[in-house]
Amino acid sequence: MIRAANVLPLIRWIEVNRLDADRYLERADLGYWFALSPFDPIPTHNGIAMLRELSRDHGPGVAAEIVNQASIAELGFIGRVALGARSPLEALHRLNAAMPMHSSHEILRLIVTDERITIHHAFAFSLDPESLHAVHVLLIAMLHQLFGFTGLRAPLFEQVDMVPHPDLGLSHLPPLFSDRLRPAEGAALTITMAANVAMNPFRVIARDRLANGNITGIAPLAEDRSLAASVRSVIAAMLHGGEPTIARIAGAGNISPRSLQRRLAEEGTSYSRQLDIVRRDLAMKHAADEGVSLADLSERLGYWVQSALTRAVRRLTGRTPSQLADRQGG
């Protein structure tokens, strides 16, 4: 899982170039994205799929164009957490500390010595080389923009080991990546730079929109580390567009529906049970909201008719939506 805000730079680029944002969101099974808040979780695979689709349509270097167009505040997790840092090294430490709140399956590791800084980025699951290449281009461009606020000129990095594009390799990348690129031996991105580059102060410290990096007030991506908790987070997001099928939920995790069912059974639960839990919790949360009509509640829980909502809420809570609202309000 990642935060919905990380898709914003892609949407901005699509809209500026007068392309169809809904089309790309649907291709990545993120058609519900506009209904989410920036901190709501979305499946990592779906976010990467959208970036991959853009790369296929507009060239594998499009991620660098996306970053160059965006402001630091619009650069999702990296931008929001880095705001207010006094140097790239401080920003990197903040990013490292905040990573668990940003992504459930990404690994960021810093190696700091007196002479150089090394950044390792990897995923805890397998990705195809085309998708990894698109992600690596995006991350390098983001870090390059961040380091650029020091006023230093390229090349800023001593060496970059990244996954090459399966057809074009590394030769297609724009000049800002310099000639210091090397094909990675594995699936990780590794960036090495001189320590003085990372410690060079930013010329201007942007207003910190996360209160000096304090992220304790942000809800976690999932309630716990179980598969069921992740499934509930995905269900809650997808319900904005109607009831999701088990195939869609499984696709978000890049596994088969049968594998999803088996793994949930190992945790003593099922997909239908998790769907019921999400709907029950949403009903309990929103039933007493004065601004939420029964039609709104029906839509939020993924029902197209209110009669289905009434039957479901009675089955899940033992009360009708009106009775539940009275109880919650009283």
Side-chain angles (χ1 to χ4, degrees), residues 1-83 91 95 102-103 106 121 123 127-149 154 156 160 162-168 170-178 181 189 191 206 209 237 240-241:
M1 307 293 289
I2 56 173
R3 302 290 176 183
N6 291 284
V7 175
L8 179 59
L10 281 62
I11 297 295
R12 289 277 191 263
W13 186 89
I14 289 170
E15 292 178 340
V16 166
N17 288 276
R18 299 186 177 183
L19 301 172
D20 189 346
D22 289 332
R23 173 172 168 263
Y24 281 102
L25 287 167
E26 290 293 340
R27 284 167 65 178
D29 198 10
L30 287 172
Y32 52 86
W33 183 84
F34 282 109
L36 304 177
S37 76
F39 291 112
D40 281 342
I42 63 171
T44 305
H45 280 283
N46 297 53
I48 293 173
M50 186 170 176
L51 178 62
R52 185 187 64 236
E53 293 302 309
L54 283 168
S55 299
R56 287 176 176 175
D57 289 353
H58 304 283
V62 72
E65 296 179 26
I66 292 170
V67 171
N68 290 339
Q69 175 190 283
S71 69
I72 189 67
E74 292 177 330
L75 292 181
F77 163 71
I78 287 181
R80 289 176 179 271
V81 174
L83 282 172
L95 292 169
H102 154 70
S103 174
E106 279 183 82
H121 175 274
F123 290 98
L127 274 175
D128 61 279
E130 183 184 15
S131 295
L132 274 172
H133 181 77
V135 172
H136 287 182
V137 173
L138 185 75
L139 290 174
I140 295 168
M142 284 181 171
L143 290 171
H144 197 277
Q145 184 183 105
L146 179 66
F147 276 68
F149 287 112
L156 299 174
V160 177
M162 64 181 295
V163 172
H165 189 274
D167 298 322
L168 301 176
L170 302 177
S171 60
H172 69 91
L173 292 172
L176 73 85
F177 290 91
S178 77
L181 296 175
L189 169 68
I191 301 174
R209 303 184 184 189
H240 284 286

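For Asp40 (side chain) and Ser37 (main-chain N/O), a donor-acceptor pair under 3.5 Å exists by modelled atom type. Asn17 contributes no side-chain N or O that, together with a main-chain N or O of Leu19, makes up a donor-acceptor pair within less than 3.5 Å. Side-chain N or O atoms of Ser55 include one that pairs as donor or acceptor with a backbone N or O of Leu51 at under 3.5 Å. A donor-acceptor pair under 3.5 Å is formed between the side chain of Arg3 and the backbone N or O of Phe39. At distances below 3.5 Å, not a single donor-acceptor pair connects side-chain atoms of Ser103 with backbone N or O atoms of Ile2. Distance alone, capped at 3.5 Å, is enough to place a donor-acceptor pair between the Asn68 side chain and the Ala64 backbone. Using a distance-only test at 3.5 Å, with no hydrogens or angles considered, no donor-acceptor pair links the side chain of Asn46 to the main chain of Leu30.
A heavy-atom distance below 4.5 Å is not found between the side chains of Met162 and Leu132. Under the 4.5 Å side-chain criterion, counting only non-hydrogen atoms from C-beta, Val67 is not in contact with Val137. You'll find the side chain of Ile42 stays beyond 4.5 Å of the side chain of Asn6, heavy atoms only.
Applying the side-chain contact (heavy atoms from CB on, under 4.5 Å) test between Leu189 and each of Val163, Ile140, Val135 identifies Ile140 as the sole match. Each of Leu168, Leu170, Asp167 was checked for a side-chain contact (heavy atoms from CB on, under 4.5 Å) with His133, and the lone residue meeting it is Leu170.
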Original post:
After noting the C-alpha distance and the side-chain angles of Ile11 and Met50, does the key distance pass the side chain to side chain contact (heavy atoms under 4.5 Å, CB included) rule?
Top reply: CA-CA 10 Å; Ile11 297 295; Met50 186 170 176; 3.6 Å; yes
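Nearest heavy atoms, Ala63 versus Ala134: CB-O, 4.0 Å. Of all heavy-atom pairs spanning Ala4 and Leu36, the tightest one is CB-CD1, 4.1 Å. Taking every heavy atom of both residues into account, Pro166 and Pro129 meet most closely at CD-C, 4.3 Å. Between Gly148 and Leu156 the shortest heavy-atom distance is N-CD1, 4.1 Å.
Listed by first and then second residue, the ring pair (Phe, Tyr, Trp, His ring centres under 6.0 Å) pairs involving residues 13-38 are Trp13-His58 (not counting sequence neighbours).
For the atom pair CD of Glu15 and CG of Leu10, the computed distance is 11.5 Å after rounding to the nearest 0.5 Å. The CZ atom of Phe123 lies 4.0 Å from the CD atom of Glu106; values are rounded to the nearest 0.5 Å. In this structure, the separation between CD on Gln145 and CD on Gln69 is 11.0 Å, given to the nearest 0.5 Å. Here CZ of Arg12 is found 13.0 Å from CD1 of Ile66. Values are rounded to the nearest 0.5 Å.
Side-chain rings of His165 and His136 stay apart, their centers remaining 6.0 Å or farther from each other.
We find that Asp22 and Arg27 are not joined by a salt bridge, their nearest charged nitrogen and carboxylate oxygen being 4.0 Å or further apart. With salt bridges taken as basic N to acidic carboxylate O contacts below 4.0 Å, none links Glu26 and Arg23.
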